[in-house]
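The block underneath contains the structure these notes are about, expressed in structure tokens.
Just so you know, ligand 1 is whichever comes first in the structure, and atom 1 is the first atom listed for that ligand. Computed from a predicted model, the values in this text were never measured in an experiment.
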Amino acid sequence: MYKPTLDYAQQLDKEDKIAHLRAQFHIPKDKDGNDWLYFTGNSLGLQPKQTQQYIQQELDDWAKYGVEGHFEARNPWMPYHEFLTNSMANIVGAKPLEVVVMNTLTTNLHLLMVSFYQPTKTKYKIVIESDAFPSDRYAVQSQLKFHGFDTEEGLIEWKPREGEELLRIEDLEKIVDDQGDEIALLLIGGVNYYTGQYLDIKRIAEIGHAKNCMVGIDLAHGAGNISPELHDSGVDFAAWCTYKYLNSGPGSLAGLFVHEKHAHNKELPRFAGWWNHNKETRFNMRKPFDVMPGAEGWQLSNPPILSMAAIRASLDMFEEVGMAALKAKSEKLTGYFEYLINQIDTDRIKIITPSNPKERGCQLSIQVQHADKSLHKKLTENNIITDWREPDVIRCAPVPMYNSFKDVYRMVEILKTLL
Ligand SMILES: *Cc1c(COP(=O)(O)O)cnc(C)c1O
């Protein structure tokens with residue numbers, strides 16, 4: 001149904017109902033003023049133009065009110081994180097009670113493991129994907145070590161089969177069937193950062209829970225990209241950063257999800273600070289610690305408002321357009337990208353991301369045989385921004401918010417000439 005021509009790509013852009021969103025972002029340009037072909041929204045999302053006003057508003061109110069801004073600012077800082085909760089909950093398919101924006105991703109994973117990784121002498125192992133993002137691997141290894149376990153022996157890797165790139169759910173099932181009595185936690189990337197594979201997290205939750213294992217999901221590559229329906233999935237917890245598909249700026253704050261079933265469990269071990277203490281008595285500073293229900297009960301500190309303002313600017317755009325419209329465009333855009341790559345007349349290229357749109361988000365991971373990093377360098381010299389992963393994979397994410405069909409068409413035309 002697709003056609004490999006520029007006319008056709010431009011036709012698709014004309015038919016794209018959310019094409020106007022591109023103009024609401026700053027798109028980096030080359031020295032002649034041409035837009036870069038930016039395919040790394042999976043690494044750092046582009047800046048919405050309105051972000052500046054949102055941050056400026058808080059700078060102005062800080063200048064005007066000083067500490068009184070906590071209550072007097074147009075968007076009072078005291079409850080500021082609450083302004084983000086509903087739209088963030090919509091993005092990941094959760095109830096507002098289950099979601100909070102706080103800290104950074106790896107920090108949140110640790111705080112969640114304080115509560116949900118409760119190893120015993122016999123049930124202490126952690127399952128991760130063999131291609132887990134390094135930070136997640138280091139985080140779980142350090143948790144094992146912290147609890148006095150061996151970081152090799154305590155870590156179980158869910159691996160692709162020999163000669164394959166993708167994970168099979170039945171292999172996880174087998175691991176948990178065989179070793180579930182020793183496994184305390186499954187911590188899995190919902191969308192794998194390397195292959196772009198979107199795993200069935202509901203199934204993962206069922207597999208883990210059948211053997212009394214806790215199940216946590218890292219949604220760094222999922223939030224704003226796929227619709228994970230966290231509440232219905234039944235996973236115990238999840239965390240994600242907001243600077244990738246959620247366009248909130250470098251190093252911005254992260255999201256945290258704790259399933260409703262744990263919302264009122266005050267007995268869960270956790271770290272405390274004044275910000276997870278009951279809001280009603282927080283400033284009556286002499287009260288004993290009284291933890292808040294829901295995800296807010298994992299906060300520790302009063303949050304950085306300037307970073308939250310940037311998240312708010314972005315989430316307001318997501319609210320306006322809705323995940324359904326984004327998903328619809330995303331499937332078509334990535335489908336077109338995949339089609340164009342498959343049209344290239346070479347046997348050097350293989351897309352390792354699943355071809356089923358239900359098993360991926362927007363990212364395609366393209367393996368190029370006999371290529372080395374010089375290919376990535378040449379792409380960059382042509383103003384095509386992609387991400388290179390050794391030994392031979394280009395990760396490329398056409399983002400429905402701001403990438404066009406013409407972007408993917410031009411990218412593949414240039415890739416062809418470079419090969
Ligand atoms: C991007 C990413 C991270 C980064 O962690 P930070 O704490 O935000 O630096 C961690 N894990 C995964 C899976 C990621 O994709």
- Task: Using the six-membered ring of Phe405, assess whether NZ or CZ of Arg410 lies under 6.0 Å from its centre and within 45 degrees of the ring axis.
- Result: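 The answer is no, since Arg410 fails at least one limit relative to Phe405.
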- Query: Under the 6.0 Å and 45° cation-pi test, does Arg395 pair with Trp388?
  - Reply: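 So Arg395 doesn't make the cation-pi contact.
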Near [X], which atoms of ligand 1 are under 4.0 Å from a heavy atom of that residue?
X      : result
Asp218 : 11 (N), 12 (C), 13 (C)
His221 : 15 (O)
Ala220 : 2 (C), 12 (C), 13 (C), 14 (C), 15 (O)

- Where's the contact between Leu105 and ligand 1, heavy-atom distance under 4.0 Å: side chain, backbone, both or neither?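 Answer for Leu105: both.
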Is [Y] paired with [X] through a side-chain N to carboxylate O contact shorter than 4.0 Å?
X      : Y      : result
Glu173 : Arg168 : no
Asp13  : Lys406 : no
Lys261 : Asp236 : yes

Distance from [atom] to nearest protein heavy atom, with residue and atom:
atom                    : answer
atom 12 (C) of ligand 1 : Phe133 CG, 3.3 Å
atom 7 (O) of ligand 1  : Thr106 OG1, 2.6 Å
atom 2 (C) of ligand 1  : Lys244 NZ, 2.5 Å
atom 11 (N) of ligand 1 : Asp136 OD1, 2.6 Å
atom 8 (O) of ligand 1  : Tyr243 OH, 2.5 Å

- Message: So, applying ring pair (Phe, Tyr, Trp, His ring centres under 6.0 Å) with His262, which one of Phe257, Phe237, Phe116 is it?
- Response: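 Exactly one candidate clears the test, Phe116.
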- Query: How are the rings of Phe133 and Tyr193 set relative to one another: parallel (under 30°), tilted (30 to 60°) or perpendicular (over 60°)?
  - Reply: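 Geometry flag for Tyr193 against Phe133: perpendicular rings.
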